[in-house]
Every structure is written in C-alpha cells, then in structure tokens.
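First comes the structure, then the notes that go with it.
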Protein chains: 2
Amino acid sequence: MDINQIIDTIYPLTTNSKNLLKESIIKTKLPKGHVLFKANEIESTMYFIKKGIVRAYAYSDDNQITFWFGKEGSPIVSMQSYVNNQKGYEEVELLEDCELYALKTDKLQQLYLKDFQIANWGRKFAEFELIKSEERLISLQFNTATERYLALLKNYPSILQRVQLAHIASYLGITQVSLSRIRANLK
Amino acid sequence: MDINQIIDTIYPLTTNSKNLLKESIIKTKLPKGHVLFKANEIESTMYFIKKGIVRAYAYSDDNQITFWFGKEGSPIVSMQSYVNNQKGYEEVELLEDCELYALKTDKLQQLYLKDFQIANWGRKFAEFELIKSEERLISLQFNTATERYLALLKNYPSILQRVQLAHIASYLGITQVSLSRIRANLK
DNA sequence: GAAACTATTTAACAAATGATAAAAAAGAAA
DNA sequence: TTTCTTTTTTATCATTTGTTAAATAGTTTC
C-alpha cells in the first residue's frame, strides 16, 4: 500500500503539509523474523506497512502473548514511546519479509507543533487507533473464544495462510490447545 | 475536579485558546440513575466529570455489560459519535449524583479546524484515551480474573464503596457469582 | 527420499468459570 | 423495630479452558 494512500486515509492533507510529512519518511525493506521493537526500550521510530505482516507481543512470565497483528496499511507504533516518551512493553516481529515506511517520531512531534494540518492529521491518527482498540476490547470482554475466532476469520480471512495458529491462539486470549479444540468442534 | 485542571492535564493551552475552549463548556448537575447516552444514537455532547461516578455499558443479548467506569476528571465520550459521527453501541448511566462539564462536539470540531493549540489538545486527548484503552486490553488478555480484580482495587481502592459488585463483575469479564467466589477465596 | 525439525492435533485430567436456584446479608422504607 | 427489597454469597452441576504429554502432519535439509 502506497504512503500517499496511507496518509490520506487518516486525514487528507494539503500538498504542502503532505510534502512536509513525506520529507521525513524513508522506505526500508526488512527480512522475515526481524525484531523491529524490543521490550523496555524507548522506540524512536514509527512505521507504516507497505507490504507484509507483523505481530506485536509482550511477555507474560516466559510466554510470548501476541496482542496485535499489522498488515498492509497498518501503523506500527510503540504507544508508550510515541505518547509519553517512555519505555514500552511490546516487541514487534516481522512475520514476512516487509517493506516499511519509517518515520522518526521526534521529527513528527516537531511537525505537530509547526504545521496545523499535520497536528489534525495526528489527532485523527490517534482517534482511529482508539476506535480500533475499543473494538478489540469489547470483543475480548463480550465474546467467547469461539466467537472471537470466527470474527477474526471474517475480518481477516487470509490470516490463517499468513500466521501460525500459536500466535492466533494467544491473540484470542487462549492456549493453542484450546484453539485446536475450538477448530475441531467447528467442523 | 475543576475544568482548568482537567484541560491542562491533557495539554496546557495558552490563555487565549483555553478561553476559546471554555466558552463552549457548560456546567450541569444530573441525578443518580440518569442515562446520559443511549445505544444506537449519535451523541452530540461530550462531558467531563467534575464530581461523581458513571459507568458505560452495552447490551449482550439481554445482559448489560459494563466496560468502563468514569470518575472525577474522566471524559465521557461516545467514541463512534465523536470520531466518525456514527451511532454508538454504549449507554452511560450516572451511578451517583453528578456535576458535569458539557461540551458540544460540533463546536469542538470547529475549534480543531480553527485553533492550532486546540488541535494539539485534541490530539493529546485521543492519545491518552488510547493509552488507557491499550492498558485495559492488555490486562484483559494477559491477566486472570483474580489478577484483574486485585489490580482494579489497587488502581481504584474506593470503587467497592461506590459501585455494585454486579457492575464490577461484568467489567472484569466474569459473572457476579464468579466474582463472589474469587472474593471468598482471597479471604 | 530419509532424517530432523516445526507446527498442529488429540487425549486425559485439573482448574476456572458459567448457569440456576436458594440462602444470607445489607439496605431502604414503613 | 419490623417488613420489604435489593445486593451478595453459597451450593450444585455443566461447560469451557488450562496443563502436560504424546501422536500426527507438514517442512526443510541433506
């Protein structure tokens, strides 16, 4: 997905502001398995996914628990770093070879204080992420594991081809054994 | 909690911008039991809580499931209305007599496009709500019901004195019977 | 293709939670 | 206080999910 489309979907900018923003964005390629963010670090870069799929996870005891998947068009941000300049708890791993757009967050913060349009773009960015977060929260709190699994397949049919079931299970808040059982019962 | 403090905690504004924002804010009192937001409506007002406590809930079949508590200083917003001008799924009920600051969201949207400071204020507002939503999501996905109950008590010790256990149970994602059992086991 | 490795499923039992009903406790009203 | 109502707890049994271990299926490497 092209960077122009990604930017405009969030909030359409005038040519001037858009160029200002794009000046700070660099395209990069990184291989499958690369760990983009590490836990307990302040991340200075955010990304948008041009091509590929990634997961964010955190450790609970020794277990990795996946709590987010990103695909084409998704932003990759460590929210604690982005918002509060503090260490985050999450790690982000590339599940496929990826093409990413990289953006230094300190540059973005400067633009927020300099450019009116970009400030509103940043507002809409946070608002849309908030909507997504709320939807996921409601789904975790209201629906059973089976319902969440079916909803995930509906919203993202190709995920089974792209992501291991172990990651999907922890994303759903259950063990892999439980997911296997759920899948067996659906047949 | 005073409106100046609420505004400044989100993002400190210059006197000018702050007055502009405060011009659109009206103080109101509403009684315990009042339903502030109804499901399937576009809400045109957002609030900040000066005094009191409220809950947001949605229906799952015939059951009300509480997914958020607001207390002094909290904003009350129907996110779907606020962000997308669409109907929300939530209802908001006052659990105590409340003093609220009311703000018409269309006025706020106008200010976002007119005042640079207020645009950045709105950005920080969404960012902080996003941080809170992510924290809650992680807690639902990573922790057991017992852990979530203990964390709630720690973060909000007076909640037991102010909110019925039935609301707390559904907030934790369990039945009231389960919560009773957890409380009994902790003794 | 065989061996080695990884991912997924199945099995068996334990622990946690749900559902329903009833009892007990707490609070409100007469 | 006494009664009535609401809230919370307890008890019982069903269902779901967790844990551990083993079996099967799928991939990669030589």
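FYI, side chains are in, hydrogens and waters are out, and symmetry mates aren't considered; it's all heavy atoms of this structure. Protein chains get the first letters and strands the later ones, always in sequence-line order, with residue 1 at the start of each. Not measured: the values here are computed from a predicted model.
Among the heavy atoms of the strands lying under 4.0 Å from B/Thr175 are primed sugar atoms or P, OP1, OP2 only; no base atom is included.
Rounded to whole Å, the distance from CD on B/Gln176 to P on C/dA23 is 18 Å. Taking atom CG of residue A/Asn63 and atom C1' of nucleotide D/dG18, one finds them 12 Å apart after rounding to whole Å. Atom CG in B/Leu179 sits roughly 9 Å away from atom P in D/dT8 (whole-Å rounding). As a whole-Å value, the separation of A/Asp62 CG from D/dT20 C1' is 17 Å. If you measure from atom CG of A/Asp61 to atom P of D/dG18, you get 14 Å, rounded to the nearest angstrom. Atom-to-atom, CZ of B/Arg148 to P of C/dT17 comes out at 8 Å; the value is rounded to the nearest Å. What separates CD of A/Glu147 from P of C/dG18 is a distance of 13 Å, to the nearest Å. Per the geometry, CZ belonging to B/Arg183 stands 19 Å off P belonging to C/dA24, to the nearest Å.
Ranking C/dG18, D/dT17, D/dT8 by closeness to the B/Gln164 side chain, first place goes to D/dT8. Candidate nucleotides C/dT10, C/dA19, D/dT8 were compared by shortest atom distance to the side chain of B/Leu165, and D/dT8 ranks first.
Residues B/Thr9 and B/Gln5 meet the side-chain proximity criterion, which asks for heavy atoms closer than 4.5 Å. Contact of the B/Gln86 side chain with the B/Ile42 side chain is not registered, since no non-hydrogen atoms from C-beta on lie closer than 4.5 Å.
Geometrically, B/Arg55 does not engage B/Phe67 in a cation-pi contact defined by less than 6.0 Å to the ring centre and at most 45° from the axis. A cation-pi geometry, defined here as NZ or CZ lying under 6.0 Å from the six-membered ring centre and within 45° of its normal, holds between A/Lys71 and A/Tyr156.
Remark on DNA chain D: of its neighbouring residues A/Val177 and A/Ala145, the 5'-side contact belongs to A/Ala145, judged by nearest-heavy-atom nucleotide.
Residue B/Ser180 has a polar side-chain atom (N or O) positioned under 4.0 Å from OP1 or OP2 of D/dT9.
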